[in-house]
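Please read through the structure below; I'll follow up with questions.
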Amino acid sequence: MSGKAKIKAYKAAAGGLGALEAVERHLCRQKVFINGNRALLQMNQPEGFDCPGCGWPDPSHTSSFEYCENGAKAVAWEATKKRTIPAFFAEHTVSELLEWSDFALEDQGRLTHPMVYDPATDRYVETSWDEAYALIGRELNKLPDPNMVEFYTSGRASNEAAFMFQLFARAWGTNNFPDCSNMCHESTSVALPQSIGVAKGTIVLEDFEKADAIFIFGQNPGTNSPRMLNDLRAAAKRGAEIIVFNPLRERALERFASPQHVADLVKPVQIATQYHQVRVGGDLAAIKGIMKAVLEADAEALAEGRPSILDRQFIATHTTGFEAVQQDVERLSWAEIVRESGLTKEAILTAAGSYIRADAVIAVWGMGITQHRTGVANIQQIVNLLMLRGNLGKPGAGCCPVRGHSNVQGDRTVGIYEKPKGPFLDGLQRTFGFVPPRDWGHDVVEAIEAMVEGHSKAFIGLGGNFLLAAPDTEVTAKAMRGLDLTVQIATKLNRGHLVHGKVSLLLPCLGRTEMDYQASGPQSVTVEDSMSCVHASAGRNFPASRHLRSEVSIICGMAKATLPASLGIDWDGFTANYDRIRDAIESTMPDLFAGYNAKIRQPGGFRLYSPVDHRIWKTPNGKANFIVHDGIVEDDMPDNDTSVLNLTTIRSHDQYNTTIYGLDDRYRGVFGQRMVVFVNKADRERLGFAEGAMVAMRTVSPDGQERRVGGFRLVDYDIPAGCAAAYYPETNPLVPLHRRALQSNTPTSKSVPVVLEAWTGTWNDRPAPELALVPRDMREIAVGA
Ligand SMILES: Nc1nc2c(c(=O)[nH]1)N[C@H]1C(S)=C(S)[C@@H](COP(=O)(O)OP(=O)(O)OC[C@H]3O[C@@H](n4cnc5c(=O)[nH]c(N)nc54)[C@H](O)[C@@H]3O)O[C@H]1N2
Ligand SMILES: Nc1nc2c(c(=O)[nH]1)N[C@H]1C(S)=C(S)[C@@H](COP(=O)(O)OP(=O)(O)OC[C@H]3O[C@@H](n4cnc5c(=O)[nH]c(N)nc54)[C@H](O)[C@@H]3O)O[C@H]1N2
Ligand SMILES: [Mo]
């Protein structure tokens, strides 16, 4: 792993030679230099596989070659030569493995055999696929109510796997579909339909070439969607304004040197033309501030007899609710806006000036916006802002929520949704002949609650790391341990597999980089990117083990062993030929997927119909809606207590969600460690801590539950006063299960009220060491550094 722990400001631009060097290092570490490089050459190519990293679209599905550092890490991690074989499990009990770090667990390499937990020896032991399926079928059929099962999906699953998974669950009789999206862009998926009648982004890549201004709220492309930097770079070079709202100065949003452009290595490209270090949770205030400034400028223009600066025609013909939003914004004082946003009035006026000058504006957002109490409000306010000047359904303008997992958007499209719509269920019924359940099921937090209360007794995970991704880790761990059955379909071992139910199975699957051969020959799957483009993906690497099965095959195997044959679903037929799955998707959703199999055989695939392109609003009233959200603060933050900091939990450059690739966060100047908390120096001094002091963080919460994690080193950082930032998932024990975004139920991972406490303990002091989710090797580095 990385060398000695240190904090050292990173002076260079993002990208550049540092990125190339990092790619080679990560390939070497996974011993995949040759294989991995070959895999990289096939990534995002017409005949290759879709990058398993992020959901950013790629122009090179049709043309040239493009890969990024973090995409390369994701591929290297999957294409590793290392293997977690049955002999490994024979050597280590589950209790022992719980003491390992998350890095070490996944770093054992790819899972190779189906395994079942043996309580007598506290070990996972090899089993056969048929025995595994039969056991699952027996356990599920013991349950009195189909709603006692939770079907979890992580967003890497293909459309085909996700569709079969929801088919299995709905034929079984439940809509319990907790998925990673509930913790991610659910606020987007709730906010946008109310505002504009679609749940997804409204732009395509070419709009980046036409925008005059791009506003980026709470999203860190340099780490989480690096290919987006090429589009931002091009926009910056042709003079588009790029206006960033982020409490941290993320290097890639400041300047970027594209490894593909030699000139950049000498002179990096400046990305942001304005950088506003908004307070954590201060975006609603900031956006309302911009709107207030725009409306004031408009009033002035009208008073002086100049034309309105609003797109009055758009507002009149396409929208409702403008006056109410106008009044809401006018009621707010600048003093409140400045206090809550943490920005000066001048800064907000400058941003508003750019907004007014631009004929076409794109608004980009990520987790910094969605994972708040006000997540839905934040997004609807962004849409309100866009609509003031008609920035929807025209070239170079619109909404750009940057999705996380590479197919999280597609999974939702094909039915991974706990609140399914009538037409989708009608389509399923038409296609398969059974009556699907209509009652809404559980999302992530509801699933955890149902498990805690004993209402849910089984969990089937299609990928992911539910335990560490979810909030309130200790509560979630208890929930998982109370189950009768846990089934994990996975590529690599993670902590979530070690905190399990009475009967527990680990089912190893093919990854996206690998060839998938079925009875009818080689198969490809399909995925949908952040801009609603659907295309095929086919791996070229040899499978990590000959015992691996595809996700589709595993789901169909479980379903066949669980459900009665009288349902008449040809599970074997679907496994044999994925074209048949796509035909079933088409038959279920003919409007979206007409000609599915033909269209994905065209280079580049196809884009799903997006009504906003045509300024058609699929809202109940047929209009685009301005929506008012009173106030600008989160309704339940502790008031006037200056010892409380608002903690935001973020990703480092060397991680993919709960997968830790390494201990460096290069662009933020953190090396060899993750147990740090970024604070404002003035706050640190005010609270009486020395620079570099070791602290614990404790959540301030009315429920009286103790939520505390320790062993973090304070790092003075350029972050607004009153705010703090630290890495996820180490901080997840601090995120209360009960604290969620209004309407969307997204855990508030980006605003956790915490107090700092001096920390003198060692890691062994923890009451429940198996839940000390901080990996031992990282603890030692952090404590001993
Ligand atoms: N390499 C890599 N790629 C990934 C992932 C990964 O872990 N690693 N994860 C994938 C997934 S599932 C997702 S959802 C995306 C996540 O990608 P992002 O949306 O970029 O997620 P985060 O890193 O959590 O943080 C987002 C940014 O929000 C800022 N921020 C924090 N709080 C606030 C706030 O209150 N207001 C504002 N304006 N900004 C704030 C942080 O400083 C940070 O820059 O990336 C995807 N791609
Ligand atoms: N505090 C805090 N918590 C958060 C967040 C945050 O910002 N802060 N972000 C949230 C977000 S945005 C998300 S999306 C969730 C992520 O939640 P998840 O999607 O559940 O988590 P991942 O870490 O992406 O899952 C990693 C595991 O997936 C498995 N895996 C990898 N590839 C494959 C594959 O091809 N097939 C299968 N079957 N398995 C595979 C491996 O076993 C690996 O260990 O976390 C959420 N939690
Ligand atoms: Mo995500």
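All ligand and atom numbering here is 1-based and tracks the order in the structure.
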Does Asp283, backbone or side chain, put an N or O under 3.5 Å from an N or O of ligand 1?
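Asp283 vs ligand 1: N/O contact under 3.5 Å present.
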
Could you tell me whether Thr649 approaches ligand 2 through its side chain, its backbone, both or neither, with non-hydrogen atoms closer than 4.0 Å?
both

Relative to atom 14 (S) of ligand 2, which among Cys180, Pro471, Gly366 owns the nearest non-hydrogen atom?
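Looking at heavy atoms only, Cys180 sits closest to atom 14 (S) of ligand 2.
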
Of all the atoms in ligand 2, which lie at a distance below 4.0 Å from a heavy atom belonging to Lys750?
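Per the distance check, 7 (O).
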
Selected option - heavy-atom contact closest to atom 23 (O) of ligand 1, from Thr374, Asn224, Ile650, Asn657:
Asn224

N or O contact, Ala469 vs ligand 2, cut-off under 3.5 Å:
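Right, the criterion is met.
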
May I ask you to list the atoms of ligand 1 that are less than 4.0 angstrom from any heavy atom of His372?
34 (C), 35 (O)

Are any of the N or O atoms of His405 closer than 3.5 Å to those of ligand 1?
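No: no nitrogen or oxygen of His405 is under 3.5 Å from one in ligand 1.
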
Any non-hydrogen atom of His653 lying under 4.0 Å from ligand 1?
no

One finds that the ligand 1 atoms under 4.0 Å from a non-hydrogen atom of Val278 are 38 (N)

re atom 45 (O) of ligand 2, the protein heavy-atom contact at minimum distance is Tyr728 OH, 2.7 Å

Distance filter under 4.0 Å to Met367 heavy atoms, resulting ligand 2 atoms
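Ligand 2 atoms under the 4.0 Å threshold to Met367: 12 (S).
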
Out of Gly218, Pro221, Ser181, who is nearest to atom 39 (N) of ligand 1 when you count heavy atoms only?
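It is Gly218 whose heavy atom sits nearest to atom 39 (N) of ligand 1.
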
Is there a nitrogen or oxygen of Cys184 sitting under 3.5 Å from a nitrogen or oxygen of ligand 2?
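No; every N/O pair is 3.5 Å or more apart.
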
How are the rings of Trp77 and Phe103 set relative to one another: parallel (under 30°), tilted (30 to 60°) or perpendicular (over 60°)?
tilted

Which of the atoms of ligand 2 are close to Cys509, meaning less than 4.0 Å from one of its heavy atoms?
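In order of number, 36 (N), 37 (C), 38 (N).
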
Determine whether the side chain, the backbone, both or neither of Thr658 has a heavy atom under 4.0 Å from any heavy atom of ligand 2.
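Both parts.
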
Verify the distance criterion only: is there a donor paired with an acceptor across the side chains of His653 and Thr223 at less than 3.5 Å?
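A pair is found: one side chain offers a donor N or O, the other an acceptor, under 3.5 Å apart.
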
At a 4.0 Å threshold, what atoms of ligand 1 neighbour a non-hydrogen atom of Gly368?
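The list of qualifying atoms is 28 (O), 30 (N), 33 (C), 34 (C), 35 (O), 36 (N), 37 (C), 39 (N), 40 (C).
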
Taking the six-membered ring where the residue is Trp, are the ring centres of Tyr656 and Tyr661 under 6.0 Å apart?
no

Closest to atom 34 (C) of ligand 2 among Thr731, Leu510, Thr491 (heavy-atom distance)
Thr491

With a cut-off of 4.0 Å, which atoms of ligand 1 are near a heavy atom of Val280?
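Matching atoms, with element in brackets: 35 (O).
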
Taking both backbone and side-chain atoms of Arg279, is any N or O found less than 3.5 Å from an N or O belonging to ligand 1?
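Not met; the criterion fails.
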
Do any nitrogen or oxygen atoms of Arg512 come within less than 3.5 Å of a nitrogen or oxygen of ligand 2?
no

Below the 3.5 angstrom mark, is there an N/O of Met183, backbone or side chain, next to an N/O of ligand 2?
no

Reference residue Glu418; test side chain to side chain contact (heavy atoms under 4.5 Å, CB included); the match among Val444, Asp443, Asn176, Asn745
Asp443

4.0 Å heavy-atom contact, Gly281 with ligand 1
yes

Closest to atom 18 (P) of ligand 2 among Tyr152, Phe466, Trp77, Tyr656 (heavy-atom distance)
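It is Tyr152 whose heavy atom sits nearest to atom 18 (P) of ligand 2.
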
Taking N or O atoms only and a 3.5 Å limit, does Pro247 qualify as a polar contact for ligand 1?
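No, there is no polar N/O contact under 3.5 Å.
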
Which of the atoms in ligand 1, numbered in the order shown and given with their element, are less than 4.0 Å from a heavy-atom of Glu250?
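Reading through ligand 1 atom by atom, the close ones are 41 (C), 42 (O), 43 (C), 44 (O).
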
Is the closest N or O pair between Arg403 and ligand 1 shorter than 3.5 Å?
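It does not: no N or O of Arg403 is found under 3.5 Å from an N or O of ligand 1.
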
Classify the side-chain pair Ser504/Tyr124 by whether it contains a donor and acceptor separated by less than 3.5 Å.
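Per modelled atom types, Ser504 and Tyr124 side chains form a pair under 3.5 Å.
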
Quick check: does Ser154 get an N/O under 3.5 Å from an N/O on ligand 2?
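Such a contact does occur with ligand 2.
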
Is it true that Phe459 and Phe466 have ring centroids separated by less than 6.0 Å?
yes

Atom indices of ligand 2, in the order listed, that fall short of 4.0 Å to a heavy atom of Ile489
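Result: 37 (C), 38 (N), 39 (N).
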
Option set His185, Lys492, Arg651, criterion heavy-atom distance to atom 11 (C) of ligand 2, minimum:
Arg651

Using a 4.0 Å cutoff against the non-hydrogen atoms of Gly463, which atoms of ligand 2 qualify?
37 (C), 38 (N), 39 (N)

Given Gln371, Glu106, Glu551, which has its nearest heavy atom closest to atom 38 (N) of ligand 2?
Glu551

Consider every N or O of Thr648 and every N or O of ligand 1, then say whether any pair is closer than 3.5 Å.
yes

